[in-house]
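Okay, structure first, notes after.
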Amino acid sequence: MKYALSQRLLHWIIALMVLGALAVGMLLGFLGFSGVKDTFGIDVTNLLYKYHKTFGVLILGLMVIRIAVKLAKGAPDYAQPLTKFEHSASNAVHGLLYLCLFAMPVLGWLGTGANGFPVEFFNWKLPPILAKDKELGGLLMELHGIVGWTLAALIFLHIGGALKHAIVKKDGVLQRML
Ligand code: HEM
């Protein structure tokens, strides 16, 4: 009645990386480059941008592996059947989470390249997907922000659902991922 070990590991590694990318991304979005630089200095600022991009690209790679593993292994049965509402709500939240976790890194990569900034991956630079176009870059990064807030709301619902199953219903749903 549990997900395979590979699926559980991928879930928790991606979860930690997404929380980190969201927190750093929101800081960068709120303060902007000059705000971050004035607060933390240029060295820390460059590291925050570099590792935000690096971990974002890693999340994209891990999501591709995750979908492949899910297609190969599926999901375990529930110990107790879910209600119709729980089934639809969890399918909707999980589907949107997958969508956002693909959209975020892709938008970040597209927007960063279109803005003429390097797409850093550790000490490498990945090729920009789009040619420099500041207007398009601005639009893509705006979408990156909107999808980021949507992702934060979905994570809130996802954790709320998991806690409801663990604390209120005590029906073993959370145990499938532990
Ligand atoms: C799952 C992966 C990612 C998450 C959750 C994420 C999340 C975020 C969030 C929430 C923001 C703040 C947006 C705002 O409020 O305007 C942000 C900003 C930013 N993201 Fe990401 N991001 C991800 C991947 C990437 C990738 C792969 C890149 C580039 C290769 C990237 C580049 C940027 C840049 C440059 C900013 C700062 C924009 C500015 O200075 O205003 N992100 N990110």
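None of the values given here were measured: they were computed from a predicted structure. The analysis underlying the following values was restricted to heavy atoms, covering all of them including side chains, and did not include hydrogens, waters or symmetry mates. Both counts, for ligands and for their atoms, begin at 1 and track the order of listing.
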Can you find a heavy atom in the side chain of [X] that is under 4.5 Å from one in the side chain of [Y]?
{"X": "K164", "Y": "E86", "result": "yes"}
{"X": "R8", "Y": "L178", "result": "no"}
{"X": "F55", "Y": "V24", "result": "no"}
{"X": "Q80", "Y": "V173", "result": "no"}
{"X": "L48", "Y": "F33", "result": "no"}
{"X": "Y3", "Y": "K73", "result": "no"}
{"X": "H52", "Y": "L27", "result": "no"}
{"X": "Q7", "Y": "K2", "result": "no"}

Return the residue, atom name and 0.1 Å-rounded distance of the protein heavy atom closest to [atom].
{"atom": "atom 38 (C) of ligand 1", "result": "M141 CE, 4.0 Å"}
{"atom": "atom 12 (C) of ligand 1", "result": "G25 O, 2.9 Å"}
{"atom": "atom 15 (O) of ligand 1", "result": "G29 CA, 3.8 Å"}
{"atom": "atom 40 (O) of ligand 1", "result": "Y49 OH, 2.8 Å"}
{"atom": "atom 5 (C) of ligand 1", "result": "L151 CD2, 3.8 Å"}
{"atom": "atom 7 (C) of ligand 1", "result": "M104 CE, 3.2 Å"}
{"atom": "atom 26 (C) of ligand 1", "result": "G108 CA, 3.9 Å"}
{"atom": "atom 25 (C) of ligand 1", "result": "H144 CE1, 3.5 Å"}

Tell me which one of P105, G145, G113 gets a heavy atom nearest to atom 27 (C) of ligand 1.
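The option holding the nearest heavy atom is P105.
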Residue selection (non-hydrogen contact nearest atom 1 (C) of ligand 1) among L62, I59, L19
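That would be I59.
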Looking only at N/O atoms, are W149 and ligand 1 under 3.5 Å apart anywhere?
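No; every N/O pair is 3.5 Å or more apart.
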Quick check: H52 and ligand 1, any N/O pair under 3.5 Å apart?
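Yes, at least one N or O pair falls under 3.5 Å.
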Check ligand 1 against [X] and write out every atom of the ligand that is under 4.0 Å from a heavy-atom position of the residue.
{"X": "V119", "answer": "30 (C)"}
{"X": "T112", "answer": "29 (C), 32 (C), 35 (C)"}
{"X": "G56", "answer": "2 (C), 24 (C), 27 (C)"}
{"X": "W109", "answer": "29 (C), 30 (C)"}

Grouping I, L, V, M, F, W and Y whenever their side-chain heavy atoms are under 4.5 Å apart, do I129 and V64 come out in a common cluster?
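I129 and V64: one cluster.
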Check ion pair K53-E120 (N to O, under 4.0 angstrom)
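Looking at K53 and E120, the cut-off is met.
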